[in-house]
Amino acid sequence: MFRSIALKLTLAFVLVSLAGIVMMGWLVRSRTENQIQQLNNRNQVASFVNFAEDWYVDNGSWDNFRLSPRGEQGNSNRRFGRDVVLTDEQYTIIFGEIGPNDPGDKLQQSVRQRAQPIEINNETVGYVVSKRDQSNSPTVQALGAAEQIFLNQFRRAVWLGSGVAILVALLVGAFLAGTLSRPLRKLTTATQALADGNLGEQVDIRSNDEIGNLAQAFNKMSNDLALGEQQRKQMTADIAHDLRTPLSVILGYTEALSEGKFEGDAEVYEAMHTEAQHLNRLIDDLRTLSLADAGKLSLQKTNVQASEILHQAHMAWRVGASNRNIELVTHLPNDFEVVVDPGRMGQILSNLVSNSIRYTPAGGTISISALQDGPSAVFNVADTGNGIPADQLPHIFDRFYRVNAARETAQGQSGLGLTIVKSLVEAHGGTISATSEVGAGTTFTIRLA
Ligand code: ADP
């Protein structure tokens, strides 16, 4: 029935204020009536005491005490006849009756505590007791006309106040409920748009409360989804492109060969083999990446000396570097042991060193080093090569990212090398970072926890 939060909240506000009003009305009413009653009572007793004192002074004793007929006292409002009891100084009742006691009886012990003495010349000549025990709840009927009018006016004021309070509760409730439910409606619309495929949909909610946080999280999620979708499309296009390039070279050769346009020789077969190898490497890389993505990259970890890892990388690339007139050096201040998959670790360093060789001009130096930093093992591959522009540096680990796309594609590089390096390092529970300066060189740092 109540399907809107706004309605529920407004009703809650009204209900809470109603409960408050009822409680307050009941409390104030009972307290006020009680107070008026007590005041009334005290007035009655006080005027009776005055009257009795006058009587005693006039008559010298309580003999023949009676209330003077109305009018004689000049006070037509005096109504104390029914409510008060007069005793002499021995507590013998002279006037009025209380409980089972009539005139002539002794006043009950329990009532004596609240008896008010009548003193003349510092001598107690009697007592006055109000029949109403003040702790008893008085009845409204006992109130005089003036008090009744006051009470009625008071009740009207309470009712009016209650009405105004409910109206205010309704307005404030409706306003607050609207403020709360508006951003929720916006979020619902945006979520529906996202579900309909509108990736990247944003909501404009700037509050700092929980709903604001929810909106921020939604905006981020929506952006990430859009980015992921865009990367997926880009990657499919890149894979298609990278597979097509070597394939079309091979197809070109095979067509020309089958049509007898030229004779096959070692050079032609070598070229075809290189392209097939490139295809093979690309497919291997993609497989490694998809395994890493699925968290299924199995590592054969063993205890290896850091010197062993550096030695292997050095042996693998020593010739390649010297062919290009680049000096390859290793640096190890103190040998230590690491727990890694030696094959994968070799693949990581190989990828980094081969990149360095590719991007370092003749006469340069590439240094592979390892050191212990507290509990971490740190491996560095540093070159004195071209460097990477600062604005491109954050992207080099992205899939298919190439700093100079045209040149690299011509050289047959996939742009997957560093992505794979990063996945392999992360599979080892480590991190990789790069620092670079254009024209001075690049340093890759691997930190294994
Ligand atoms: P690729 O297979 O194209 O080399 P990588 O993922 O290995 O792809 O590298 C991404 C990009 O980072 C490369 O296009 C290259 O421009 C740049 N890069 C990688 N290593 C170095 C380096 N040592 N010096 C300069 N640029 C580098």
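What's counted below: heavy atoms across the whole structure, side chains too, no hydrogens, waters or symmetry copies. Just follow the structure's listing: the first ligand is 1, and inside any ligand the first atom is 1.
- Proximity of Ile396 to ligand 1 is established by a heavy-atom distance of less than 4.0 Å.
- Between Arg281 and Asp285, none of the side-chain N atoms (NZ, or NE/NH1/NH2) sits under 4.0 Å from a carboxylate O, so this pair counts as no salt bridge.
- A donor-acceptor contact closer than 3.5 angstrom links the side chains of Gln234 and Asp238.
- For the ligand labelled ligand 1, residue Ser356 lies inside the 4.0 Å heavy-atom shell.
- Taking a cut-off of under 4.0 Å to the non-hydrogen atoms of Thr442, the atoms of ligand 1 that pass are 24 (N), 25 (C).
- When Leu282, Asn355, Asp383, Ile388 are ranked by how near their heavy atoms come to atom 26 (N) of ligand 1, first place goes to Ile388.
- If you check the side chains of Trp317 and Ser350, you find a donor sitting under 3.5 Å from an acceptor.
- For the pair Leu418 and ligand 1, the shortest N or O to N or O distance falls below 3.5 Å.
- Close contacts between ligand 1 and Arg358 involve ligand atoms 4 (O) [criterion: under 4.0 Å to a heavy atom].
- Salt-bridge formation is detected for the pair Asp293/Arg399: a Lys NZ or Arg NE/NH1/NH2 atom is positioned less than 4.0 Å from an Asp or Glu carboxylate oxygen.
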Tell me, with the steps shown, if Val304 and Thr302 meet side chain to side chain contact (heavy atoms under 4.5 Å, CB included). CA-CA 6 Å; Val304 199; Thr302 53; 3.7 Å; yes

